[in-house]
Student: 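Mind having a look at this structure? Questions to follow.
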There are 2 protein chains.
Amino acid sequence: MQTLTRNQQIVFDIINKSSEPLKAYTILSNVQKKGIKAPPQVYRALDKLIEMGKIHKIESKNAFVACQNSNCKVSKAAAFSICESCEEVTEIDNSKISKYLSSFADKIGMKYKKYNLEFFGLCKKCK
Amino acid sequence: MQTLTRNQQIVFDIINKSSEPLKAYTILSNVQKKGIKAPPQVYRALDKLIEMGKIHKIESKNAFVACQNSNCKVSKAAAFSICESCEEVTEIDNSKISKYLSSFADKIGMKYKKYNLEFFGLCKKCK
DNA sequence: TACATAATGTTATTTTATAACAATAAACTT
DNA sequence: AAGTTTATTGTTATAAAATAACATTATGTA
Ligand SMILES: [Zn+2]
Ligand SMILES: [Zn+2]
Ligand SMILES: [Zn+2]
Ligand SMILES: [Zn+2]
(Lines give C-alpha, C1' and ligand atoms only; values in the text may rest on other atoms or scores of the structure.)
(Ligands and ions follow the chains in the order given, each with its own letter.)
Protein backbone atom coordinates (compact mmCIF):
# COMPACT_ATOMS: atom_id res chain seq x y z
CA MET A 1 0.00 0.00 0.00
CA GLN A 2 1.90 2.91 -1.38
CA THR A 3 1.79 6.18 0.50
CA LEU A 4 0.75 9.27 -1.38
CA THR A 5 2.76 12.44 -1.73
CA ARG A 6 1.30 15.76 -0.73
CA ASN A 7 -0.09 16.72 -4.12
CA GLN A 8 -1.25 13.22 -4.87
CA GLN A 9 -3.18 13.17 -1.60
CA ILE A 10 -4.81 16.53 -2.25
CA VAL A 11 -5.89 15.51 -5.74
CA PHE A 12 -7.05 12.09 -4.62
CA ASP A 13 -9.11 13.52 -1.77
CA ILE A 14 -11.12 15.78 -3.99
CA ILE A 15 -11.78 13.04 -6.52
CA ASN A 16 -12.67 10.60 -3.79
CA LYS A 17 -15.12 12.97 -2.14
CA SER A 18 -16.87 13.74 -5.40
CA SER A 19 -20.01 11.94 -6.39
CA GLU A 20 -19.26 12.41 -10.06
CA PRO A 21 -16.27 12.25 -12.39
CA LEU A 22 -14.12 15.35 -12.17
CA LYS A 23 -12.25 17.04 -14.98
CA ALA A 24 -8.64 18.05 -14.57
CA TYR A 25 -9.33 21.76 -14.66
CA THR A 26 -12.23 21.43 -12.26
CA ILE A 27 -9.84 19.70 -9.89
CA LEU A 28 -7.32 22.46 -10.45
CA SER A 29 -9.74 25.22 -9.56
CA ASN A 30 -10.75 23.33 -6.44
CA VAL A 31 -7.25 22.85 -5.11
CA GLN A 32 -5.75 26.24 -5.80
CA LYS A 33 -6.48 27.28 -2.23
CA LYS A 34 -4.25 24.37 -1.19
CA GLY A 35 -1.31 25.65 -3.19
CA ILE A 36 -1.62 23.66 -6.39
CA LYS A 37 -1.54 26.36 -8.99
CA ALA A 38 -0.81 24.94 -12.41
CA PRO A 39 -2.06 22.15 -14.70
CA PRO A 40 1.13 20.07 -14.68
CA GLN A 41 0.84 19.62 -10.95
CA VAL A 42 -2.63 18.19 -11.34
CA TYR A 43 -1.81 16.02 -14.33
CA ARG A 44 1.27 14.58 -12.64
CA ALA A 45 -0.75 13.59 -9.62
CA LEU A 46 -3.45 12.12 -11.84
CA ASP A 47 -0.92 10.06 -13.77
CA LYS A 48 0.53 8.55 -10.62
CA LEU A 49 -2.86 7.87 -9.08
CA ILE A 50 -3.90 6.05 -12.25
CA GLU A 51 -0.71 3.98 -12.18
CA MET A 52 -1.46 2.99 -8.60
CA GLY A 53 -5.02 2.06 -9.49
CA LYS A 54 -6.47 4.60 -7.04
CA ILE A 55 -8.38 6.41 -9.76
CA HIS A 56 -9.50 5.74 -13.29
CA LYS A 57 -9.92 7.97 -16.28
CA ILE A 58 -13.25 7.90 -18.07
CA GLU A 59 -11.86 8.30 -21.54
CA SER A 60 -15.09 9.31 -23.19
CA LYS A 61 -15.47 12.17 -20.73
CA ASN A 62 -11.90 13.21 -20.01
CA ALA A 63 -12.77 12.90 -16.37
CA PHE A 64 -11.50 11.05 -13.37
CA VAL A 65 -13.14 8.91 -10.69
CA ALA A 66 -11.87 7.17 -7.60
CA CYS A 67 -11.68 3.42 -7.91
CA GLN A 68 -14.81 1.92 -6.44
CA ASN A 69 -13.51 -1.62 -6.34
CA SER A 70 -11.11 -3.01 -3.83
CA ASN A 71 -9.91 -5.50 -6.37
CA CYS A 72 -8.34 -3.29 -9.00
CA LYS A 73 -5.41 -2.26 -6.87
CA VAL A 74 -3.33 -2.06 -9.97
CA SER A 75 -5.16 -0.42 -12.80
CA LYS A 76 -5.36 -3.41 -15.04
CA ALA A 77 -8.93 -3.24 -15.93
CA ALA A 78 -11.83 -0.98 -15.48
CA ALA A 79 -15.43 -1.09 -16.57
CA PHE A 80 -17.98 1.65 -16.19
CA SER A 81 -21.60 2.19 -16.86
CA ILE A 82 -22.43 5.70 -17.91
CA CYS A 83 -25.97 6.99 -17.85
CA GLU A 84 -26.68 9.24 -20.80
CA SER A 85 -29.52 10.91 -18.98
CA CYS A 86 -28.28 11.69 -15.47
CA GLU A 87 -24.58 11.30 -16.30
CA GLU A 88 -24.09 8.95 -13.41
CA VAL A 89 -20.93 6.89 -13.72
CA THR A 90 -20.64 3.62 -11.85
CA GLU A 91 -17.69 1.31 -11.75
CA ILE A 92 -18.77 -2.22 -12.45
CA ASP A 93 -17.45 -4.97 -10.28
CA ASN A 94 -15.36 -6.42 -12.99
CA SER A 95 -14.06 -9.78 -11.89
CA LYS A 96 -16.41 -11.70 -14.15
CA ILE A 97 -15.96 -9.39 -17.09
CA SER A 98 -12.23 -9.50 -16.56
CA LYS A 99 -12.17 -13.25 -16.72
CA TYR A 100 -14.25 -13.30 -19.83
CA LEU A 101 -12.28 -10.61 -21.60
CA SER A 102 -8.84 -11.93 -20.75
CA SER A 103 -9.79 -15.33 -22.10
CA PHE A 104 -11.06 -13.54 -25.16
CA ALA A 105 -7.73 -11.76 -25.53
CA ASP A 106 -6.01 -15.13 -25.42
CA LYS A 107 -8.20 -16.36 -28.22
CA ILE A 108 -7.27 -13.53 -30.56
CA GLY A 109 -3.60 -14.05 -29.77
CA MET A 110 -3.07 -10.92 -27.78
CA LYS A 111 -0.89 -10.67 -24.72
CA TYR A 112 -3.33 -8.82 -22.57
CA LYS A 113 -2.30 -6.07 -20.17
CA LYS A 114 -5.38 -4.06 -19.43
CA TYR A 115 -8.62 -2.86 -20.85
CA ASN A 116 -11.05 -0.02 -20.61
CA LEU A 117 -14.74 -0.59 -21.04
CA GLU A 118 -17.42 2.06 -21.09
CA PHE A 119 -21.09 1.19 -21.24
CA PHE A 120 -23.57 3.83 -22.30
CA GLY A 121 -27.27 3.76 -21.75
CA LEU A 122 -29.82 4.49 -19.07
CA CYS A 123 -29.31 3.62 -15.44
CA LYS A 124 -31.91 1.95 -13.23
CA LYS A 125 -33.36 5.24 -12.12
CA CYS A 126 -33.58 6.80 -15.55
CA LYS A 127 -34.86 3.95 -17.65
CA MET B 1 -27.10 2.69 -47.09
CA GLN B 2 -26.87 6.38 -46.52
CA THR B 3 -25.01 8.44 -49.08
CA LEU B 4 -22.23 10.69 -47.89
CA THR B 5 -21.96 14.39 -48.44
CA ARG B 6 -18.90 15.89 -50.06
CA ASN B 7 -16.98 16.61 -46.87
CA GLN B 8 -18.05 13.38 -45.25
CA GLN B 9 -16.77 11.45 -48.25
CA ILE B 10 -13.43 13.25 -48.26
CA VAL B 11 -12.91 12.64 -44.56
CA PHE B 12 -14.06 9.05 -44.76
CA ASP B 13 -11.77 8.28 -47.69
CA ILE B 14 -8.65 9.38 -45.90
CA ILE B 15 -9.54 7.46 -42.75
CA ASN B 16 -10.46 4.41 -44.75
CA LYS B 17 -7.22 4.41 -46.72
CA SER B 18 -5.12 4.76 -43.60
CA SER B 19 -3.58 1.74 -41.95
CA GLU B 20 -3.64 3.42 -38.57
CA PRO B 21 -5.99 5.60 -36.52
CA LEU B 22 -5.90 9.22 -37.62
CA LYS B 23 -6.22 12.29 -35.44
CA ALA B 24 -8.57 15.08 -36.37
CA TYR B 25 -5.83 17.57 -37.07
CA THR B 26 -3.86 15.06 -39.11
CA ILE B 27 -6.98 14.57 -41.19
CA LEU B 28 -7.35 18.31 -41.50
CA SER B 29 -3.84 18.83 -42.79
CA ASN B 30 -4.36 16.06 -45.31
CA VAL B 31 -7.57 17.43 -46.75
CA GLN B 32 -6.72 21.09 -47.00
CA LYS B 33 -5.81 20.66 -50.63
CA LYS B 34 -9.38 19.46 -51.15
CA GLY B 35 -10.84 22.62 -49.71
CA ILE B 36 -11.53 21.65 -46.13
CA LYS B 37 -9.82 24.41 -44.25
CA ALA B 38 -10.97 24.52 -40.66
CA PRO B 39 -11.43 22.16 -37.70
CA PRO B 40 -15.23 22.41 -37.49
CA GLN B 41 -15.56 21.03 -41.00
CA VAL B 42 -13.58 17.98 -40.02
CA TYR B 43 -15.29 17.48 -36.69
CA ARG B 44 -18.74 17.75 -38.24
CA ALA B 45 -17.91 15.09 -40.77
CA LEU B 46 -16.43 12.89 -38.06
CA ASP B 47 -19.54 13.22 -35.92
CA LYS B 48 -21.83 12.17 -38.73
CA LEU B 49 -19.61 9.30 -39.79
CA ILE B 50 -19.61 8.02 -36.22
CA GLU B 51 -23.40 8.26 -36.06
CA MET B 52 -23.63 6.22 -39.24
CA GLY B 53 -21.25 3.62 -37.87
CA LYS B 54 -18.77 4.16 -40.72
CA ILE B 55 -15.96 5.09 -38.36
CA HIS B 56 -15.18 4.75 -34.67
CA LYS B 57 -13.31 6.94 -32.27
CA ILE B 58 -10.52 5.38 -30.26
CA GLU B 59 -11.14 7.33 -27.08
CA SER B 60 -7.81 6.62 -25.47
CA LYS B 61 -6.02 8.03 -28.49
CA ASN B 62 -8.34 10.74 -29.73
CA ALA B 63 -8.10 9.10 -33.08
CA PHE B 64 -10.45 7.70 -35.67
CA VAL B 65 -10.59 4.46 -37.65
CA ALA B 66 -12.86 3.11 -40.33
CA CYS B 67 -15.19 0.39 -39.17
CA GLN B 68 -13.67 -2.95 -40.01
CA ASN B 69 -16.80 -4.95 -39.37
CA SER B 70 -19.70 -5.21 -41.69
CA ASN B 71 -21.97 -5.82 -38.75
CA CYS B 72 -21.74 -2.59 -36.83
CA LYS B 73 -23.62 -0.52 -39.36
CA VAL B 74 -25.01 1.51 -36.58
CA SER B 75 -22.39 2.44 -34.07
CA LYS B 76 -23.82 0.54 -31.16
CA ALA B 77 -20.75 -1.21 -30.03
CA ALA B 78 -17.12 -1.28 -30.77
CA ALA B 79 -14.19 -3.22 -29.42
CA PHE B 80 -10.55 -2.70 -30.24
CA SER B 81 -7.27 -4.28 -29.45
CA ILE B 82 -4.45 -1.79 -29.19
CA CYS B 83 -0.83 -2.88 -29.26
CA GLU B 84 1.28 -0.85 -26.89
CA SER B 85 4.41 -1.63 -28.83
CA CYS B 86 3.59 -1.12 -32.51
CA GLU B 87 0.44 0.92 -31.89
CA GLU B 88 -1.56 -1.30 -34.17
CA VAL B 89 -5.29 -0.99 -33.63
CA THR B 90 -7.60 -3.77 -34.69
CA GLU B 91 -11.32 -3.86 -34.47
CA ILE B 92 -12.47 -7.04 -32.86
CA ASP B 93 -15.31 -8.91 -34.43
CA ASN B 94 -17.64 -8.17 -31.65
CA SER B 95 -20.73 -10.29 -32.04
CA LYS B 96 -19.77 -12.61 -29.19
CA ILE B 97 -18.53 -9.86 -26.92
CA SER B 98 -21.65 -7.88 -27.72
CA LYS B 99 -23.87 -10.70 -26.68
CA TYR B 100 -21.98 -11.22 -23.47
CA LEU B 101 -21.84 -7.55 -22.57
CA SER B 102 -25.43 -6.76 -23.35
CA SER B 103 -26.57 -9.62 -21.15
CA PHE B 104 -24.26 -8.25 -18.50
CA ALA B 105 -25.84 -4.83 -18.83
CA ASP B 106 -29.23 -6.45 -18.31
CA LYS B 107 -28.00 -8.02 -15.12
CA ILE B 108 -26.90 -4.73 -13.59
CA GLY B 109 -30.21 -3.18 -14.52
CA MET B 110 -28.99 -0.90 -17.22
CA LYS B 111 -30.86 -0.16 -20.39
CA TYR B 112 -27.98 -0.68 -22.71
CA LYS B 113 -27.39 1.49 -25.77
CA LYS B 114 -23.78 1.04 -26.75
CA TYR B 115 -20.36 0.40 -25.40
CA ASN B 116 -16.76 1.14 -26.11
CA LEU B 117 -14.09 -1.38 -25.26
CA GLU B 118 -10.36 -0.89 -25.63
CA PHE B 119 -7.91 -3.68 -25.00
CA PHE B 120 -4.27 -2.86 -24.41
CA GLY B 121 -1.37 -5.24 -24.63
CA LEU B 122 0.90 -6.77 -27.20
CA CYS B 123 -0.30 -8.01 -30.54
CA LYS B 124 0.64 -11.35 -32.08
CA LYS B 125 3.69 -9.90 -33.81
CA CYS B 126 5.04 -8.00 -30.83
CA LYS B 127 4.55 -10.46 -28.01
C1' DT C 1 -41.28 30.02 -56.59
C1' DA C 2 -41.16 30.27 -51.70
C1' DC C 3 -40.10 28.10 -47.62
C1' DA C 4 -37.72 24.98 -44.63
C1' DT C 5 -33.88 22.09 -43.56
C1' DA C 6 -29.32 20.47 -43.95
C1' DA C 7 -24.62 21.20 -45.03
C1' DT C 8 -20.77 24.25 -45.47
C1' DG C 9 -17.58 28.14 -44.63
C1' DT C 10 -15.20 31.14 -41.39
C1' DT C 11 -13.32 33.38 -37.26
C1' DA C 12 -12.45 33.14 -32.71
C1' DT C 13 -12.26 30.84 -28.48
C1' DT C 14 -12.43 27.16 -25.11
C1' DT C 15 -10.86 22.94 -23.22
C1' DT C 16 -7.44 19.45 -22.47
C1' DA C 17 -2.74 18.19 -22.07
C1' DT C 18 2.35 18.54 -22.30
C1' DA C 19 7.28 20.54 -22.95
C1' DA C 20 10.94 22.50 -20.77
C1' DC C 21 13.52 23.95 -17.12
C1' DA C 22 14.37 25.62 -12.24
C1' DA C 23 13.98 24.70 -7.36
C1' DT C 24 13.15 21.54 -3.32
C1' DA C 25 12.74 17.57 -0.91
C1' DA C 26 13.54 12.77 0.03
C1' DA C 27 16.27 8.70 -0.29
C1' DC C 28 20.76 6.49 -0.60
C1' DT C 29 25.94 6.07 -0.08
C1' DT C 30 30.14 6.75 1.95
C1' DA D 1 27.02 14.37 8.64
C1' DA D 2 28.33 15.38 3.92
C1' DG D 3 27.84 14.35 -0.62
C1' DT D 4 25.28 12.17 -4.41
C1' DT D 5 21.39 10.65 -6.75
C1' DT D 6 16.47 10.39 -7.56
C1' DA D 7 11.78 11.86 -7.06
C1' DT D 8 8.73 15.46 -6.49
C1' DT D 9 7.29 20.12 -6.94
C1' DG D 10 6.93 24.84 -8.93
C1' DT D 11 6.50 27.82 -12.99
C1' DT D 12 6.02 29.64 -17.61
C1' DA D 13 4.82 28.87 -21.97
C1' DT D 14 2.85 26.23 -25.59
C1' DA D 15 0.69 22.44 -28.06
C1' DA D 16 -3.23 19.65 -29.19
C1' DA D 17 -8.13 18.74 -29.31
C1' DA D 18 -12.72 20.40 -29.61
C1' DT D 19 -16.52 23.71 -29.90
C1' DA D 20 -19.29 28.28 -30.10
C1' DA D 21 -21.27 31.44 -32.92
C1' DC D 22 -22.77 33.22 -36.95
C1' DA D 23 -22.77 33.86 -42.09
C1' DT D 24 -23.44 31.51 -46.46
C1' DT D 25 -24.75 28.10 -49.73
C1' DA D 26 -27.00 23.97 -51.23
C1' DT D 27 -30.90 20.74 -51.14
C1' DG D 28 -35.45 19.15 -50.66
C1' DT D 29 -40.40 19.96 -50.99
C1' DA D 30 -45.05 22.05 -50.91
ZN1 LIG E 1 -11.30 0.31 -10.09
ZN1 LIG F 1 -29.44 7.93 -14.93
ZN1 LIG G 1 -17.17 -1.27 -36.34
ZN1 LIG H 1 2.29 -4.84 -32.02
Side-chain angles (χ1 to χ4, degrees), chain A residues 1-15 18 20-52 54-65 75 80 82 84 87 89 116 118 120, chain B residues 1-15 18 20-52 54-65 75 80 82 84 87 89 116 118 120:
Chain A
M1 180 60 175
Q2 194 165 350
T3 153
L4 303 183
T5 66
R6 206 187 84 95
N7 287 2
Q8 287 161 14
Q9 188 69 58
I10 292 169
V11 169
F12 177 71
D13 285 346
I14 189 166
I15 295 173
S18 172
E20 54 184 12
L22 293 181
K23 303 198 157 225
Y25 278 72
T26 305
I27 294 168
L28 176 58
S29 72
N30 278 288
V31 296
Q32 289 192 313
K33 62 193 92 169
K34 302 214 170 172
I36 295 180
K37 288 174 192 157
Q41 296 173 288
V42 173
Y43 281 103
R44 280 177 198 141
L46 291 172
D47 288 346
K48 296 285 180 176
L49 291 167
I50 289 170
E51 268 179 36
M52 295 176 206
K54 304 271 294 176
I55 66 170
H56 301 289
K57 181 176 184 183
I58 310 293
E59 294 284 357
S60 62
K61 290 187 171 299
N62 298 320
F64 303 86
V65 290
S75 88
F80 303 92
I82 301 169
E84 288 179 323
E87 300 281 304
V89 173
N116 182 69
E118 298 172 10
F120 303 87
Chain B
M1 179 64 175
Q2 193 163 351
T3 152
L4 304 182
T5 67
R6 205 187 85 96
N7 287 0
Q8 287 163 13
Q9 188 70 58
I10 292 169
V11 169
F12 177 71
D13 284 345
I14 190 165
I15 295 173
S18 172
E20 55 184 13
L22 293 180
K23 303 198 155 222
Y25 278 72
T26 305
I27 293 167
L28 176 58
S29 71
N30 277 289
V31 297
Q32 290 192 315
K33 62 192 90 168
K34 301 214 170 175
I36 295 179
K37 288 175 190 154
Q41 296 173 290
V42 172
Y43 281 102
R44 280 178 200 140
L46 291 172
D47 288 347
K48 294 287 179 174
L49 291 167
I50 289 169
E51 269 180 36
M52 294 178 209
K54 303 273 293 178
I55 65 170
H56 301 291
K57 181 177 185 182
I58 311 294
E59 294 284 357
S60 62
K61 291 187 171 297
N62 298 319
F64 304 84
V65 291
S75 90
F80 303 92
I82 301 170
E84 288 179 323
E87 301 280 308
V89 173
N116 182 68
E118 298 174 10
F120 303 87

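A note on names: the letters A, B, ... follow the listed sequences, proteins ahead of strands, and every chain is numbered from 1. These figures come from a predicted structure and were not determined experimentally.
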Student: Does dT8(C) have its OP1 or OP2 closer than 4.0 Å to a side-chain nitrogen or oxygen of Thr5(B)?
Tutor: yes
Student: Can Glu118(B) and Ser60(B) be counted as having a side-chain donor-acceptor contact under 3.5 angstrom?
Tutor: yes
Student: When you look at Ile82(A) and Glu87(A), which way does the side chain to side chain contact (heavy atoms under 4.5 Å, CB included) test go after all the steps?
Tutor: CA-CA 6 Å; Ile82(A) 301 169; Glu87(A) 300 281 304; 5.9 Å; no
Student: Separation of Ile27(B) atom CD1 from dA16(D) atom C1', in whole Å?
Tutor: 14 Å
Student: With a non-hydrogen cut-off below 4.0 angstrom, is Lys48(A) in contact with a base, only sugar-phosphate, or nothing?
Tutor: sugar-phosphate
Student: For Lys37(B) and dT11(C), what is the distance between atoms NZ and P respectively, to the nearest whole Å?
Tutor: 9 Å
Student: To the nearest Å, give me how far apart CD1 (Ile10(B)) and P (dA7(C)) are.
Tutor: 15 Å
Student: Mark up nucleotides 17-23 of chain C, 5' to 3', with B wherever a protein heavy atom is under 4.0 angstrom from a base atom, S wherever such an atom reaches only the sugar-phosphate, and - elsewhere.
Tutor: BBBB---
Student: Do Glu20(A) and Val89(A) make a side-chain contact, defined as non-hydrogen atoms from C-beta onward lying under 4.5 Å apart?
Tutor: no
Student: Could you please spell out the steps behind the side chain to side chain contact (heavy atoms under 4.5 Å, CB included) verdict for Met52(A) and Leu4(A)?
Tutor: CA-CA 10 Å; Met52(A) 295 176 206; Leu4(A) 303 183; 3.5 Å; yes
Student: Kindly indicate whether the side chain of Ile50(B), heavy atoms from C-beta on, has any atom under 4.5 Å from the side chain of Phe64(B).
Tutor: yes
Student: Measure NZ/Lys61(A) against C1'/dT15(C) and give the value in whole Å, please.
Tutor: 15 Å
Student: With a cut-off of 3.5 Å and sequence neighbours excluded, list every side-chain donor-acceptor pair involving residues 23-33 of chain B.
Tutor:
| unit_1 | atom_1 | unit_2 | atom_2 | d |
| --- | --- | --- | --- | --- |
| Lys23(B) | NZ | Lys61(B) | O | 3.2 |
| Ser29(B) | OG | Thr26(B) | O | 3.0 |
| Asn30(B) | ND2 | Thr26(B) | O | 2.8 |

Student: Using whole Å, report how far CD of Gln8(A) lies from C1' of dA25(C).
Tutor: 14 Å
Student: How many whole angstroms separate atom NZ of Lys23(A) from atom P of dA18(D)?
Tutor: 11 Å
Student: OP1, OP2 of dT8(C) versus side-chain N and O of Gln41(B): anything below 4.0 Å?
Tutor: no
Student: Between Leu28(A) (CG) and dG10(D) (P), how many Å, whole number?
Tutor: 12 Å
Student: Would you name the heavy atoms of Ile15(A) and Leu46(A) that are closest together and state the gap between them?
Tutor: CD1-CD2, 3.7 Å
Student: CG of Leu4(B) versus C1' of dT8(C): gap in Å, rounded?
Tutor: 16 Å
